Amino acid sequence: MAIWQQAKNSLQERTHNYRFKPRIQEKGIITGISGGVITIHGLFGAEVNSLLLTEDGTRAVVLDLTASNVSAILLTQNEKLVTGTQVYSLDTQLSVPVDDDLLGRVINPLGKPLDRQGDLELTRYHPIDVRSPPIIERDYVKEPLYSGNKIIDTMLPIGKGQRELIIGDNGLGKTSLALDTVLNQMGRNVRCVYVIIGQKRSDISNIIDTLQQYDAFSYTTVLVAESTEKAGLQYIAPYAGCTIGEQWMRRGHDTLIVYDDLTSHANCYREMSLLLERPPGREAYPADIFYLHSRLLERSTHLKAELGGGSLTALPIIETKEGELTDYIPTNLISITDGQIFLNEKLFDSGFLPAIDVTLSVSRLGGNAQAPAIKREAGNMKLEYLQFLELELFTKLGTSLDEKTQQKITRGKLLRYLLKQKRLQPLTIKYTYCWLIAYNERLFDDMSRKELELALQRLHELAHKTELQLSNQRQHWKNAIKQELESINA
Amino acid sequence: METVSFDLTTFLLEAINFLILVWLLKWLLYNPVKSAIQKRRQTIQQQLDEAEYKQQQANELKQQYENRLQQWQQEKQQKKQALEEELEQKRQYELQRIEREKQQQQQKLEAQLQKTRQDEQLQLEKDASELACRFASRLLTELADKHLENKLIECLLHDLSESLDKLKPRLDQNTYEQTIKVYTAYGLDQKLRQRLQELISHLGLSVSQMEEHRSSELIAGITVQMTDMVFQANLNNELNYFQSRLIHGDMATS
């Protein structure tokens, strides 16, 4: 049946039973305003998460229902909002735009553009708080999502549809790691949504500038709820971003979403809950703080082919205090996600960048979402590296070591040097394969630092110009690599 | 002519000489020559034996190599067969994998196509609804008059009087807002005002707190605000309601 015929039939059905009758609408009165939360007397038929509109055009979302009052968080605010203002229910859930036109734009959680590039003509809207896809709609996570970071792509591989937490203290490079991952999606047909929650304007500006500088805006949408925004907007920001990503996923696209960061989100929710006089629990967080994040992150998945085969990969960021992983919010997020990338302050101070602590980081999907060629080469690398880290302790004790152990330590030091990477320089997977083969074939073993740098540069060039693919035989790669490195030794 | 005389002694001496010669020859010539010949014969025999032995060995080696070659041929054949089987298995596996991927891709494309069609359909419906509502709004704004308004007010009054019992307990008497506000586009008739006031009294509210206002936004019809409820029977509200139900009616299921 033609689309127009189906549309006509649908409209006819909806209008068939229409009859005029007087409508009854509930009205409430604002009895209190405090820190972005309004208390309303009336509106006894209001539902949680339903949208309210005041006389002066302010919008709010219902969060709390009691016997006599309704509490709502403000999304916008007119300066003239006072107690006694009338409030009406719009009989609709809070929705955000999910159009493709959002790509390349910076918006707030309500879809309003913030980048002064003109208004958006938005046609598609979707409620922000919906249930996560049921199990029957999900498929295995089996396709890799390359982050462009050597350590992650070899030892902590991420798959499309996975939730991988980035966790660490302030200033250790969590945002940089997330940005690297976003920049590496250039030309890979992956859409990105970068959600910024509760950050300073200067930080937000830096992120946007970086994305612009590296042409990432062609496939990225930035959703901003800065620290000076209403608590309500900060609260809904990750859900709004997730809704955009989820709808793109349902249309068959692979999408990456970064939540930067969920610590601010949790703090904002705590603030709102205390204002709503909800009973405080551990660390003054409300009892449903786990549900706040679990229902958000469960919406990231990989859908079955019958539903379009799209995926939503989530990179939530959490800030710790003094590297404490056992705090309330970090433990919650660790239990929800499919792995974590832990950034260590000591590694950062020692100059090992990115400061990923392999001993405490994990990807629970492991090699299931890794290209077979990479999996083969990097198979035991993590184990060897961990063994090296343990053995290195002995060198500090001054004990004499046998030759075999000494070799392991030398190889480990070489690997540690190879794993370092500069910021905002994501690397292709072909380059990763090149250096892995070279390392496993021991082609770097006898090289000096200078020669090693040159060798890596040559491998970089090889990765760009070669027509070999990961699926080609290893021998061909090995020959090409040896040929490229011969001239250094000669 | 001289006759040859036979001398026995000479004969015997000659014979002995001959025998001595023969003995000497035997000892000095015949035996060495014989031993030399014997040696040579032995050497030749030895060489012949060696040659035969080597020949035998060569034959054995040849046999061995021929056997080995045969074995290799067999092994080669077996390995070739095994390789062919393995290749065939891999080929089948790859074909199945490609077939599966192709099916998945097809399913993905079909699902995406269907989603696009659904989106287009929704968009069509939305555009059509907006146009229809805009048209209806313009038309009704032109045609609205007092008569239409009175009909709408009567509709509201009829509805309210039928549901008095349900409404009375529902109205929140404790609301801060005690004033009853009535908005119309063309103003209330005396008759309709009376009926409205009776209704308000039946609901247990005070008629003295009733305020009347004019609002052209309604187009035609009435809005009554009583405590925490608002009763709408006007074209503006009805058009907005109609439009929102048409456009957003199925938003939750998309």
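All chains are named by letter (A, B, ...) in the order of the sequence lines, taking the proteins before the strands, and each is independently numbered beginning at 1. Computed from a predicted structure; not experimentally measured.
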Considering all heavy atoms, the nearest [X]-[Y] contact:
X	Y	answer
A233(B)	P22(A)	CB-CB, 4.2 Å
Y88(A)	V230(B)	CE2-CG2, 3.8 Å
A111(B)	E306(A)	CB-O, 3.1 Å
Q104(B)	D139(A)	NE2-OD2, 4.4 Å

Tell me, yes or no, whether the heavy-atom count around [X] atom [atom1], taken from other residues, nucleotides or ligands under 6.0 Å, exceeds 12.
X	atom1	answer
E75(B)	CD	yes
K54(B)	NZ	no
N59(B)	CG	yes
I136(A)	CD1	no
N67(B)	CG	yes
R131(A)	CZ	no
Q81(B)	CD	no
L83(B)	CG	yes

Point to revise | N-O pairing of R124(A) and D119(B) below 4.0 Å | key: yes

Point to revise | cation_pi(R23(A), Y241(B)) dist<6.0 Å, angle<=45 | key: yes

Any chance you could measure [X], atom [atom1], to [Y], atom [atom2], to the nearest 0.5 Å?
X	Y	atom1	atom2	result
D159(B)	I24(A)	CG	CD1	7.5 Å
H158(B)	K21(A)	NE2	NZ	13.0 Å
K151(B)	F20(A)	NZ	CZ	11.0 Å
K126(B)	Y125(A)	NZ	OH	7.0 Å

Check your understanding: Below 4.5 Å, heavy atoms only, C-beta onward: do Q232(B) and Q25(A) meet side chain to side chain?
Key -> yes

Check your understanding: Are R117(B) and Q6(A) side-chain neighbours, meaning at least one heavy-atom pair lies under 4.5 Å?
Key -> yes

Review point. Given a strict heavy-atom distance threshold of 4.5 Å, which part of I222(B) is in contact with chain A: side chain, backbone, both, or neither?
Key: neither

Point to revise | Per-residue contact mode, Q123(B) against chain A (heavy atom under 4.5 angstrom) | key: side chain

Check your understanding: Relative to chain B, which of R251(A), H253(A), K304(A) shows the most heavy atom pairs under 4.5 Å?
Key -> R251(A)

Practice item. Verify, without hydrogens or angle tests, whether K115(B) (side chain) and G252(A) (backbone) share a donor-acceptor contact under 3.5 angstrom. Key: no

Revision key, fill the gap. The interface call for L307(A) against chain B, heavy-atom contacts under 4.5 Å, is backbone

Practice item. Verify side-chain contact (heavy atoms from CB on, under 4.5 Å) between K27(A) and Q225(B), making sure each step is shown before the conclusion. Key: CA-CA 9 Å; K27(A) 185 185 72 164; Q225(B) 290 183 14; 3.5 Å; yes

